[in-house]
Every structure is written in structure tokens, then in C-alpha cells.
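Model, not experiment: these values are computed from the prediction.
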Amino acid sequence: MAAESQKSQNALIRQKLMTTQPNDPDSFPAEDSWPPENVEIIIEKDSETFYLSPQGVFVKKGAKKWKLCGYLKVLGCCENGVDNTVGKLISFLTASGKRRTKVVKNSACLIKPQTLVSQLVNSGLEFNPSERGSFSMLGRYLYYFPVTQSKPYTLVDKCGWFGNCYVTPFYSLSGRGNNKKILFSQAGKVVADCTCKGKVEDWIGVIAPIAPCSPLLVACLCYSFSAPLIGRVYPDMGSSGLYLAGSSSSGKTTCGLLAESIYGNPFKRAETWDVSNSSIQRIAVLRNHNFVLIDETKTSRCSVMDAIYSLSGNKTASRSNQDGTLRPTENFQITYICTGETSLSNLTKLQSGRDIDAGAHVRCLNVDCDSLDYGNDDGTHSYGILSHIGGFRNKGELFRHIYSGIEMYYGTVGREWIKQLAKIRVEKLSSTLKPFEQKFWSEINSIYGDELNDQSRRVLLGLQLRAAAGELATEKGLTGWKPGLATECCVWLFKEWRKSFSGVLIESDQVISRLSEICQHLHLFALLSDRNHCAANILGYKNFTYGPNGEIRFLGRKKERLLFLLTSTFNKIAGNSSQKKAFEILKEKGLMEFSIEGGRERKVLQISGGERFYTVNYDKYLEFIAKNKE
């Protein structure tokens with residue numbers, strides 16, 4: 001039955017191919033002109049002889065001679081970098097003359113040739129199924145095709161750096177001494193546009209005149225240049241980016257599109273927030289060690305703050321298969337720019353009803369495009385992201401200049417930039433960046449001295465790399481900027497970020513603030529003695545009550561007011577911090593009760609009955625609040 005089913009399937013495939021790929025006798029060589037002209041390869045296997053010529057692949061078996069398919073050859077063997085399976089990298093011409101490459105597994109050539117042929121035909125290969133055994137013959141032709149390469153190609157399923165080779169869906173760029181040939185295996189994935197149009201000089205001609213008009217545009221381009229640089233030098237650094245907030249005519253999307261044009265067609269590369277959190281992570285995998293614009297948060301289907309945290313982890317979320325086993329996670333590292341009409345703080349409040357965490361503000365720098373400070377004497381900001389309009393008649397003309405430029409010229413600068421990075425060894429690249437980083441810190445220290453907190457210094461560690469990337473790209477002749485402009489604009493960006501960050505509570509202050517909210521609801525704490533028969537909507541228990549004259553009455557020997565918090569209540573206090581982190585913050589302030597058992601610290605106190613609770617000393621809390629008010 002299985003054999004009959006297989007024969008029936010082969011007949012259906014052959015019938016389909018006969019209707020879509022008719023056998024054209026005129027394309028076959030005449031009997032007296034055999035073998036075909038300009039033969040490139042002859043493969044003899046058992047009773048079959050294959051001939052590869054510019055006209056296609058021809059077969060001679062006994063007295064029969066016919067054309068098997070269009071031009072088709074094997075470029076080399078390849079190994080899958082993920083599962084180590086072995087296959088062939090093939091190249092063929094379609095009926096319209098387009099050259100295409102494809103990866104086929106060795107097993108497909110011999111075990112399932114009819115499926116393989118069907119896939120190739122669907123991709124444009126001309127095939128003649130008129131002779132019996134044509135499917136198997138094509139599989140054998142590919143399997144036994146002679147390969148002379150010294151090392152196999154390595155296939156990878158994502159873009160980015162692999163040693164000193166940078167892989168994209170459209171090209172791979174290798175540095176000196178790299179003997180590996182690494183290729184991207186699309187495997188049906190929707191990939192980012194990495195095409196090129198125009199010349200490097202054309203693109204520079206678009207951005208060079210506008211660079212002095214907007215420090216923000218320069219800073220965004222520095223972010224874009226830094227993406228492959230950070231992936232090369234600091235592969236473990238968390239993904240981070242910019243959040244540009246402003247009105248619809250401020251020019252925030254223009255900044256992102258210009259930054260995207262470094263690596264490809266910006267209008268095809270730009271993403272939107274109209275996707276789930278897991279889709280954002282998939283985008284990051286496909287843009288590994290590269291830049292991405294995620295436009296317009298008002299279309300967001302996920303929490304932007306949660307997405308910022310998930311991106312900074314550089315790893316996709318764990319998910320299970322239908323059989324219960326876990327799918328393998330994938331690593332990534334990207335640099336991104338987000339845009340929206342409201343600030344990151346307001347957006348978080350709208351989406352989740354809570355204040356934004358300082359950590360999110362550090363990972364994604366909020367910049368208000370409607371109130372940028374360029375030091376104008378008249379205090380006006382009529383040009384949006386622009387400090388002035390240079391030689392253009394108005395803001396609209398300048399923006400039209402940008403849009404028309406990035407429609408005609410894109411991708412070439414990014415390709416040249418990555419090629420330059422691949423030529424430099426990692427150790428030498430790190431030393432090359434040092435002078436630029438030192439110049440950046442010199443500028444920062446001259447302005448701020450020692451007054452910067454830990455959050456600011458974390459931001460500056462990232463900005464120094466953005467500035468260094470811009471300066472190195474300038475040194476390589478890819479920007480048309482004057483030396484020092486990238487550093488100047490990144491220092492300016494830090495000033496703008498500090499304006500929006502000044503109103504954000506740092507992590508410890510947020511934990512204290514949430515504790516204060518809980519402590520304002522003492523009526524929701526039941527007496528410890530009533531814990532077996534109390535309401536379900538309580539926050540925890542307390543060991544004290546008040547007499548008719550306001551005197552404190554304690555339950556038990558402990559003469560301090562204590563609040564025994566339910567786990568759910570303590571989680572509210574912790575917010576996005578871990579329970580351990582929240583406990584350490586409150587313990588440092590002297591507000592938590594804990595015990596030492598067997599030489600180990602117990603963060604939860606055990607009460608009679610065996611229950612354990614996170615316990616806040618309410619007396620010390622009141623002292624802490626009174627002291628800080630002073």
C-alpha cells in the first residue's frame with residue numbers, strides 16, 4: 001500500500017510539472033551535436049552520465065539523451081551551525097534568468113528527491129519530468145556533484161558577528177585570516193532589508209549638510225553606527241536604545257529613518273509596536289548586532305516598559321513545545337530607537353497604572369523632542385528637532401531633502417562600515433576606541449565633576465560607545481562630519497536625558513514610596529491573634545492596637561510595633577524589583593526584622609503556628625520618615 005501511495009504521489013507531482021514546465025524539444029541538443037557545447041562538468045555514475053553546460057543539465061543513459069533541468073550546480077558543501085546537519089549549497093537559474101541559491105540536505109537528495117524537486121520547481125527551476133526516474137536522477141546529480149572547496153560553508157540562522165565574519169541575509173563580510181565561509185540560512189524567515197542603493201559619497205552628501213542643524217540627528221546616527229561595533233567589542237552588553245517623544249510634526253520618526261538608512265531601505269526596515277512582546281524579541285533575533293527603529297508606541301499591543309526589560313536581557317523567553325519540552329532560547333543584541341507622542345513615564349502610567357522604574361529609564365533614554373534645549377537666545381524651539389535650518393528655506397524643505405535622499409541612497413555606508421570593522425582585530429579595535437572614550441569622559445567631567453549618581457554613570461558607559469562609534473565612522477570617512485562632533489552631540493544628549501530623568505525615582509526610593517502607601521492603610525492589617533478568622537482582603541497582620549485614649553497596646557512580649565506582610569503585599573512593595581532586592585533596600589534603611597538561624601540570615605520571621613512573614617518595624621519606619629522630612 002505504501003509503495004502504491006508513493007507511486008501515486010510521484011504521478012501527481014509529474015503531472016503538475018508537465019503542465020507547468022513543458023518539455024521543449026528545441027532546447028535539447030541535436031543527436032549529431034552530442035555532447036552539449038561548452039560543457040563545464042561531466043559526472044559519470046553507474047549507467048548515467050550528467051553534463052552541465054550553460055544551457056542546463058543533460059543526461060545520457062544508454063541510448064537515451066535528454067535535458068533534465070535548467071542550469072543547476074553545487075557551490076559547495078555546508079554544515080548547519082545549529083544542529084550540525086550536512087547539506088549542499090546549490091545555485092540555479094530561473095526561466096527569467098535570475099540566479100538563486102538554496103540549501104538542500106544530503107538526505108533529501110537520495111531519500112525524498114520528489115519533494116526536493118518540487119521545492120526547486122516552486123523556486124523557479126526548469127525541470128523535465130518526462131523520462132522515468134527523473135526525480136531520482138536529479139537527486140543523484142546533486143549528491144554526486146564534485147566539490148573542490150577546502151572547507152564547508154557554515155550556515156547560521158541569525159545575523160551578526162560570528163568570529164570576525166559579519167553575516168546578513170544578503171551578504172557576509174569577513175576580516176583578515178578568516179578561512180570560514182559563513183552564510184545566513186533564511187529557512188522561510190522574514191528578514192530585514194539589507195539592500196544597497198547609490199554610493200557612500202551620495203549618502204554622505206545627504207547627511208553632511210544637515211548634521212550641524214540637529215545634535216539629535218547626529219546622536220541617532222551614532223546610535224546606529226554603534227550597533228555592530230558594540231556587538232564586536234562588547235558582545236555581552238545588554239540591548240539598549242533611545243525613546244523619542246514628541247508631537248507628530250517634531251521629526252522624531254525622521255531621526256529613526258535616517259539611522260535605518262545606514263544599513264538598508266529605511267522604509268522596509270522600520271518596525272512598529274503593533275506586535276506582541278514575543279514578536280519584539282523575534283525582531284531582535286533577526287536584527288542581531290544591528291539597529292532597528294520601532295515606530296509609534298500608540299499602536300503598541302504590549303507593555304513598552306516590559307519590552308525594554310526583555311530586550312535588555314538579550315535572550316528570548318522560554319517556551320514549551322506541545323510535548324512539554326522546552327524550546328531552546330536564542331540570544332541577541334541590538335540597538336534601537338522608539339518613537340511616541342507621549343513620554344516614556346506617561347506611557348508607562350497609561351499602560352500599567354504605575355510609575356516607570358529607573359532601570360527602564362537607564363536602558364532606554366527618554367528625550368522630549370518638543371522641548372529640546374539648543375541654547376537659543378530667544379528661547380524658542382520652532383524647528384522641532386532642529387536647532388536651525390542652515391541654508392534651507394524652512395523646516396519642511398530640509399525634511400524633504402532628508403526623505404528624498406534616503407529614498408535614493410541607503411545601505412552602502414553600513415556595508416562599508418561593517419567591512420572596516422571586520423578588518424580590525426577585536427583587541428586592536430578596543431585600543432582604537434580608547435582616545436575617543438577618553439575625550440568623551442573629559443567633556444563629561446569638565447561639566448559634572450563628581451556629582452553623578454550610579455544611574456547616570458550607567459548611561460554614560462553606553463553613550464561613550466555611541467560617541468566613539470560616531471568618531472570612528474568619521475575617521476573612516478563615512479559621515480562628512482568634523483572630528484569631535486559625535487562626542488559633542490552625545491554629551492548634549494546626556495544633558496537632555498537628565499532633564500527627563502530628574503523626576504524619576506531611583507529603585508530604592510520607589511520601594512520606600514510603595515511601602516509608605518501600604519503603611520497608610522493600617523486598617524487593612526488584622527490583629528495577629530485574629531489571623532485564623534479574618535477578612536480575605538487584608539494586607540497582613542499587626543502586633544498592636546490602640547486603647548480608648550490612644551495608648552498603644554501590644555500583643556505579646558515584643559514592645560515594638562510590627563507589620564507582618566502577606567507575600568502578595570510584599571510583592572507590591574517590591575514592584576519590578578525582586579523580593580531579595582526589596583528586602584536588602586529596606587534592611588539597609590533599618591526597617592526590616594530578620595533572624596539568624598544556624599549562621600544563616602532568615603528574611604522572614606516565623607511566628608507561633610509555623611507561619612513566616614516579611615516583617616516591617618513600624619516604629620523604625622515612622623522614625624525614618626520623620627528624619628527624611630527634616
Side-chain angles (χ1 to χ4, degrees), residues 99 101 153-154 156 158-178 180-186 189-208 211 220-233 235 256-271 286-293 332-337 402 405-426 429 432 466 468-481 486:
R99 183 176 296 277
T101 57
Y153 293 94
T154 298
V156 293
K158 65 180 181 182
C159 304
W161 291 105
F162 294 86
N164 62 342
C165 180
Y166 190 90
V167 179
T168 78
F170 297 86
Y171 57 84
S172 298
L173 299 173
S174 299
R176 297 173 182 171
N178 185 59
K180 289 185 177 180
K181 296 180 178 180
I182 304 178
L183 300 174
F184 178 77
S185 176
Q186 295 191 20
K189 296 175 182 175
V190 178
V191 297
D193 182 272
C194 296
T195 56
C196 300
K197 189 176 180 181
K199 299 180 180 178
V200 172
E201 297 77 15
D202 298 327
W203 187 85
I204 294 174
V206 174
I207 70 156
C220 289
L221 289 168
C222 289
Y223 261 75
S224 187
F225 277 120
S226 71
L229 175 66
I230 293 175
R232 182 104 162 99
V233 183
L257 289 174
L258 184 57
E260 281 280 28
S261 71
I262 291 178
Y263 301 106
N265 187 331
F267 304 100
K268 291 183 178 180
R269 287 176 59 89
E271 304 286 351
L286 295 175
R287 299 289 188 94
N288 184 46
H289 297 157
N290 210 283
F291 174 82
V292 59
L293 166 65
F332 58 81
Q333 183 194 67
I334 62 167
T335 296
Y336 57 90
I337 288 179
I402 295 175
I406 61 179
E407 283 179 346
M408 293 187 293
Y409 314 120
Y410 51 78
T412 50
V413 169
R415 186 165 184 168
E416 180 61 30
W417 170 238
I418 293 170
K419 188 184 299 182
Q420 294 289 343
L421 294 179
K423 290 179 180 178
I424 309 174
R425 297 192 310 272
V426 174
L429 187 57
T432 302
R466 319 296 182 186
E471 296 295 349
L472 183 59
T474 299
E475 187 179 273
K476 297 296 183 182
L478 300 178
T479 65
W481 303 338

What side-chain donor-acceptor pairs closer than 3.5 Å can you find for residues 468-478, not counting sequence neighbours?
residue : atom : partner : partner atom : Å
Glu471  : OE1  : Gly484  : N            : 3.0
Glu471  : OE2  : Gly484  : N            : 3.2
Glu471  : OE2  : Ala486  : N            : 3.3
Glu471  : OE2  : Thr487  : N            : 3.0
Glu471  : OE2  : Thr487  : OG1          : 3.0
Thr474  : OG1  : Gly470  : O            : 2.8
Thr474  : OG1  : Thr479  : OG1          : 2.9

- At what distance, to the nearest 0.5 angstrom, does CH2 of Trp481 lie from CG of Leu221? 4.5 Å
- Using the test side chain to side chain donor-acceptor pair (under 3.5 Å), find all partners of Ser226 that sit at least two apart in sequence or belong to another chain. Arg466
- Message: Using side-chain heavy atoms (C-beta onward) and a distance below 4.5 Å, is Gln333 in contact with Asn288?
- Response: yes
- Message: Any non-hydrogen side-chain atom of Leu421 less than 4.5 Å from a side-chain atom of Pro228?
- Response: yes
- Starting at OH of Tyr223, measure out to CD1 of Ile337 and round the result to the nearest 0.5 Å. 8.0 Å
- Message: Tell me every residue that passes ring-ring contact (aromatic ring centres under 6.0 Å, His included) with Phe225, counting only those two or more places apart in sequence or in another chain.
- Response: Trp417
- CG on Leu229 to OG on Ser224, rounded to 0.5 Å: 12.0 Å
- Under 4.5 Å between any side-chain heavy atoms of Asn164 and Arg232, yes or no? yes
Under 3.5 Å donor-acceptor pairs involving side-chain atoms of residues 194-208, not counting sequence neighbours:
residue : atom : partner : partner atom : Å
Thr195  : OG1  : Asp193  : OD1          : 2.7
Thr195  : OG1  : Asp193  : OD2          : 3.1
Asp202  : OD2  : Lys199  : N            : 2.9
Trp203  : NE1  : Ser261  : OG           : 2.9

- Indicate the atoms forming the closest heavy-atom contact of Asn265 with Tyr410, along with that distance. N-CD1, 3.3 Å
- Query: So, Ser172 side chain and Ile182 main chain: donor-acceptor pair closer than 3.5 Å or not?
  - Reply: yes
- Among all residues two or more places apart in sequence or in another chain, which pass the ring-ring contact (aromatic ring centres under 6.0 Å, His included) test with Tyr166? Trp161
- So CG of Leu429 and CD of Gln420: to nearest 0.5 Å the spacing works out to 11.5 Å
- Query: Looking at CD1 of Ile424 and NZ of Lys419, how far apart are the two atoms once the value is rounded to the nearest 0.5 Å?
  - Reply: 14.0 Å
- Message: With salt bridge (charged side-chain N to carboxylate O under 4.0 Å, His left out) as the rule and sequence neighbours excluded, what pairs involving residues 258-268 come up?
- Response: Glu260-Arg269, Glu260-Arg287
- Message: If I compare all heavy atoms of Leu257 with all of Ala270, which pair ends up nearest, and what's the gap?
- Response: CD2-CB, 4.2 Å
- Note on the structure: Value for CG (Leu286) from OG1 (Thr168), rounded to nearest 0.5 Å, stands at 12.5 Å
- Task: Step by step, work out the side-chain contact (heavy atoms from CB on, under 4.5 Å) result for Tyr263 and Asn290.
- Result: CA-CA 8 Å; Tyr263 301 106; Asn290 210 283; 3.5 Å; yes
